[in-house]
**Q** 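For reference, the structure I am asking about is given below.
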Amino acid sequence: MNMNLYALLAAHFPAAPAAPCMILPDGRVWTYGDVERASARMANLIAALGLQPGDRVAAQVEKTPESLVLYLAAIRAGMVFLPLNPAYQRHELEYFLGDAKPGLFVCRPQIRALADELAAKAGVANVLELDDAGRGSLIEAATPHADAFATVPREKGDLAAILYTSGTTGRSKGAMLSHGNLAHNARTLHEYWHFQPGDMLLHMLPIFHVHGLFVACHCVLLNGSAMFFEPKFDAARAMQLLPESTVMMGVPTFYVRLLHEPSFGRDVCRNMRLFVSGSAPLLKETFDEFKARTGHTILERYGMTEGGMFTSNPYEGERRGGTVGFPLPGTALRIVGAGGTAVKTGEVGSIQVKGENVFVGYWGMPEKTREEFTADGFFTTGDMGSWDADFYVTISGRSKDLVITGGLNVYPKEIEELIDAMPGVVESAVIGLPHPDFGEAVTAVVVRQKNAAGAALTESGIIAAIKDRLANFKVPKWVYLVDELPRNAMGKVQKNILRQEYSPLPRR
Ligand code: AMP
């Protein structure tokens, strides 16, 4: 049996080729027949360029139907797809091309000169263009090719994609994902979240990342249903499309922004059956307000580039705010303390996972890969978390964000939650800054509301308000009041930037 992921997806495409797959902002529709034919033409082109199965196809392009089809064509032809965030600049691109050595690089026309220069340096033989309207030399070169293509046979363990992690410390690592990894996660999520005929997904996520490319698109394609395929998130636009949608997947910022819309509420969500959140922590406050305004309980899940989704709140049964739910079927998850022993209920430890969805390793980094896996094959996620009495998992943050002050561990989330609950506070980020006595000093960066309560916040006021509720070593030594926190494209707070920004400041 052909284990190529495309073969699995295509086996679930609707029998009628005219069935819609992507609905674009201008009303144009890409049918499943269009997707099959366009991906066949591109797969034929890729083969004609001389690429061999296993070769990499890198793409740094905007989100368009053509860029999704390029992904499908690449895996269909047996290549390994390498999506790159369009925000990456020269030195980042140089690293990715040099490291992955793709046989084809598809770029935006505006960086063609740079792409040629870097491709020549890295020995990339082919560079083609795709613009934000889905045009360019990639499409011109693909058009004359046949619109049928026999999907290249692949084994479960053959690579389908390499996704570079955001690399907030050290070199960015290329997570190698196999056809089997992606297929397993796609099947699991499709079933766990009860995808059904007639579903309509609102797709406003980027497609260079696991959330938008794999989680969202695979669920839709495996379901043979349609999605509103929008270039990016826009709250007003989401309000127009939600009444015709049934499922939305988003990062927490999407939900926060929707709640800022005065007319957002039950009526707009009347046709919806599921809101999924992930990629960054969803504040309990957002979860509660969303429920009160819409009657919908957001389903929060947790995962990462290195294995897709690991846990999810249940579809049926209680979705518990502030938690990421239970390990998904097929994922073994354990939380261990120092010395590798399982933690007790409520105790924070290091999260490790094992399952068919967990990645193959880091591209060209066998040493690094070995370090991240335990002797019995569990992957150390780098996230810290705990179980509650009913086995819901709560994430406390990345282990590298753990603050160690005077030799004692401080989990930022515990302090952030207290500060966030104060009047006048929008949100906060707790980090550790170098300190001569303590090693690290607990430091809170607090976003204030633009109102009287926000204006009244002071460093000493915040410290005084939480002091009685925390052990002394956890109380922030320093507090900075700011207007917003730095976030990446997936809505994650960039604590590394905060640490850089505030470290050199002279303190008392
Ligand atoms: P990425 O590989 O870019 O998808 O980032 C994965 C990381 O995002 C995880 O290791 C977690 O630290 C974080 N993450 C993902 N989902 C959640 C969630 N629901 N709550 C808290 N953190 C999350």
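Quick caveat: nothing in here was measured; it's all calculated off a predicted structure. In each ligand, atom 1 is the first atom listed, and ligand 1 is the first ligand listed. Keep in mind that the numbers below use all heavy atoms, side chains included, and drop hydrogens, waters and symmetry copies.
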**Q** Out of curiosity, is Thr381 lining ligand 1, as in a heavy atom under 4.0 Å away?
**A**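 The answer is no: ligand 1 sits nowhere under 4.0 Å from a heavy atom of Thr381.
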**Q** Take atom CZ of Arg487 as the centre, draw a 6.0 Å sphere, and report whether it contains more than 12 heavy atoms from other residues, nucleotides or ligands.
**A**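 Yes, because the 6.0 Å sphere around CZ of Arg487 holds more than 12 heavy atoms from other groups.
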**Q** Look at ligand 1 and say whether Thr165 reaches it with a heavy atom at a distance under 4.0 Å.
**A**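 The answer is no, since Thr165 has no heavy atom less than 4.0 Å from ligand 1.
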**Q** Looking only at heavy atoms, is any part of Ala280 under 4.0 Å from ligand 1, and if so is it the side chain, the backbone, or both, or is it neither?
**A**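 For Ala280, only backbone atoms sit under 4.0 Å from ligand 1.
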**Q** Assess whether atom CG of Asp483 is packed by more than 12 heavy atoms of other residues, nucleotides or ligands within 6.0 Å.
**A**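 No, not enclosed.
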**Q** Using heavy atoms and a 4.0 Å limit, tell me yes or no: is Met490 in contact with ligand 1?
**A**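 Met490: no contact with ligand 1 (<4.0 Å).
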**Q** Please state whether Gly382 comes within less than 4.0 angstrom of ligand 1, counting heavy atoms only.
**A**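 Judged by the 4.0 Å heavy-atom criterion, Gly382 does not count as contacting ligand 1.
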**Q** Please check if the number of heavy atoms outside Glu484 that lie under 6.0 Å from its CD is greater than 12.
**A**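 Count not over threshold, so no.
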**Q** Less than 6.0 Å separating the ring centroids of Phe264 and Tyr255?
**A**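 No, ring centres 6.0 Å or more apart.
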**Q** With ring centroids as reference points, do Phe359 and Phe373 lie under 6.0 angstrom apart?
**A**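 Yes, they do, as the ring centres are separated by less than 6.0 Å.
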**Q** Using heavy-atom distances only, which candidate in Lys413, Arg301, Met304 approaches atom 6 (C) of ligand 1 most closely?
**A**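 Nearest option to atom 6 (C) of ligand 1, by heavy atoms: Met304.
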**Q** Of the listed options (Ile395, Thr311, Thr305, Val215), which comes nearest to atom 1 (P) of ligand 1 when hydrogens are ignored and any heavy atom counts?
**A**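 Selected option, by shortest heavy-atom distance: Thr305.
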**Q** Between Leu282 and ligand 1, which residue portion shows a heavy-atom distance shorter than 4.0 Å: side chain, backbone, both, or neither?
**A**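 It is neither; nothing of Leu282 touches ligand 1.
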**Q** Report, as yes or no, whether the 6.0 Å neighbourhood of atom CZ on Phe391 holds more than 12 heavy atoms from other residues, nucleotides or ligands.
**A**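 No - once you tally the heavy atoms of other residues, nucleotides and ligands closer than 6.0 Å, there are 12 at most.
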**Q** Taking atom CD of Glu191 as the centre, report whether more than 12 heavy atoms of other residues, nucleotides or ligands fall under 6.0 Å from it.
**A**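 Count not over threshold, so no.
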**Q** Determine whether any heavy atom of His211 lies closer than 4.0 Å to an atom of ligand 1.
**A**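 So His211 does not count as touching ligand 1.
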**Q** When you measure from atom 11 (C) of ligand 1 to each heavy atom in Leu163, Ile351, Asp383, which option holds the nearest one?
**A**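 Looking at heavy atoms only, the winner is Asp383.
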**Q** Based purely on interatomic distance, does Ser279 place a nitrogen or oxygen under 3.5 Å from a nitrogen or oxygen of ligand 1?
**A**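 Yes - when backbone and side-chain N and O of Ser279 are compared with those of ligand 1, one distance drops under 3.5 Å.
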**Q** Can you figure out which of Lys492, Met309, Glu300 has its heavy atom closest to atom 7 (C) of ligand 1?
**A**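 Looking at heavy atoms only, Lys492 sits closest to atom 7 (C) of ligand 1.
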**Q** Flag yes if more than 12 heavy atoms outside Gln196 fall under 6.0 Å of its CD atom; otherwise flag no.
**A**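 Yes, because the 6.0 Å sphere around CD of Gln196 holds more than 12 heavy atoms from other groups.
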